[in-house]
Amino acid sequence: MTITQQELIDEILDQFDFQKVKEVMDALNWTWAIGTESHVPDIPELRKQAREMLWDAIRSKHRMIKTGGFVAEKEDDDTLELRFEVTAWNTWDSFPPDTKVTK
């Protein structure tokens with residue numbers, strides 16, 4: 001079976017729970033700067049941002065795009081993923097790159 005990149009993006013946009021993201025953003029009063037104002041984005045604005053990020057992930061050599069809570073990622077096997085993260089942490093944020101880990 002062969003599908004287009006547009007079909008991959010359409011599938012994600014059709015299945016992703018933008019309503020849940022909107023509810024979280026409303027509860028946290030999580031605003032985005034859109035144009036000249038800052039407000040909690042509506043669902044069409046969330047979908048537009050997600051679509052742009054998915055296309056950027058496909059086209060970019062970095063393959064992961066993050067902004068405003070969204071993470072769009074493309075794997076080598078042409079798998080696309082869209083996530084919305086409220087919080088995250090990793091050891092890169094805590095230690096310099098040359099840190100050695102011992103058992």
Checklist entry - Would you say the side chain of Leu8 lies within less than 4.5 Å of the side chain of Ile58, judging by non-hydrogen atoms? => result no
Next on the checklist: Can you confirm whether Leu13 sits close enough to Phe18 that some side-chain heavy atom of one is under 4.5 Å from a side-chain heavy atom of the other?
Outcome noted: yes
Next on the checklist: Tell me every residue that passes salt bridge (Lys or Arg N to Asp or Glu O under 4.0 Å) with Lys66, counting only those two or more places apart in sequence or in another chain.
Outcome noted: none
Checklist entry - Where do Glu45 and Val40 come nearest, in terms of heavy atoms and distance? => result OE1-O, 4.5 Å
Checklist entry - Does Leu82 belong to the same Ile/Leu/Val/Met/Phe/Trp/Tyr cluster as Met64, with side-chain heavy atoms less than 4.5 Å apart forming each link? => result no
Item to check | Verdict with supporting geometry, Trp55 and Gln5, side-chain contact (heavy atoms from CB on, under 4.5 Å) | outcome: CA-CA 9 Å; Trp55 274 116; Gln5 292 172 331; 3.7 Å; yes
Checklist entry - Are the side chains of Trp32 and Thr67 in touch, meaning some heavy atoms are under 4.5 Å apart? => result no
Next on the checklist: Restricting to salt bridge (Lys or Arg N to Asp or Glu O under 4.0 Å), what partner residues turn up for Arg83, sequence neighbours left out?
Outcome noted: Glu73, Glu81, Glu85
Next on the checklist: Using 30° and 60° as the class boundaries, would you call the ring planes of Trp30 and Phe84 parallel, tilted or perpendicular?
Outcome noted: tilted
Would you list the atom pairs, donor with acceptor, under 3.5 Å between side chains in residues 94-103 and any protein atom, with sequence neighbours excluded?
residue, atom, partner, partner atom, Å
Ser94, OG, Trp89, NE1, 3.0
Thr99, OG1, Pro96, O, 2.8

Checklist outcome for this item: Here the gap from Leu80 atom CG to Leu54 atom CG, rounded to the nearest 0.5 Å, amounts to 5.5 Å
Checklist entry - Going by the salt bridge (Lys or Arg N to Asp or Glu O under 4.0 Å) test, which pairs reach into residues 16-32, not counting sequence neighbours? => result Lys22-Asp26
Next on the checklist: Side chains of Glu11 and Ile3, heavy atoms from C-beta outward: is any pair under 4.5 Å?
Outcome noted: no
Checklist outcome for this item: Closest non-hydrogen contact found for Ile65 with Ala57 is CG1-N, 3.7 Å
Next on the checklist: Rounded to the nearest 0.5 Å, what separates atom NZ in Lys74 from atom CZ in Arg59?
Outcome noted: 12.5 Å
Item to check | Cluster check Val86, Phe70: I/L/V/M/F/W/Y, side chain < 4.5 angstrom | outcome: yes
Checklist entry - Between Gln49 (side chain) and Leu46 (backbone), is there a donor-acceptor pair under 3.5 Å? => result no
Checklist entry - Is there a chain of hydrophobic side chains (I, L, V, M, F, W, Y, each step under 4.5 Å between heavy atoms) that links Val24 to Met53? => result yes
Checklist entry - Who passes salt bridge (Lys or Arg N to Asp or Glu O under 4.0 Å) against Glu52, sequence neighbours left out? => result Lys48
Item to check | Residues forming a side chain to side chain contact (heavy atoms under 4.5 Å, CB included) with Thr36, sequence neighbours excluded | outcome: none
Next on the checklist: Measuring from atom CD1 of Ile34 to atom NE2 of His39, what distance do you get when rounded to the nearest 0.5 angstrom?
Outcome noted: 3.5 Å
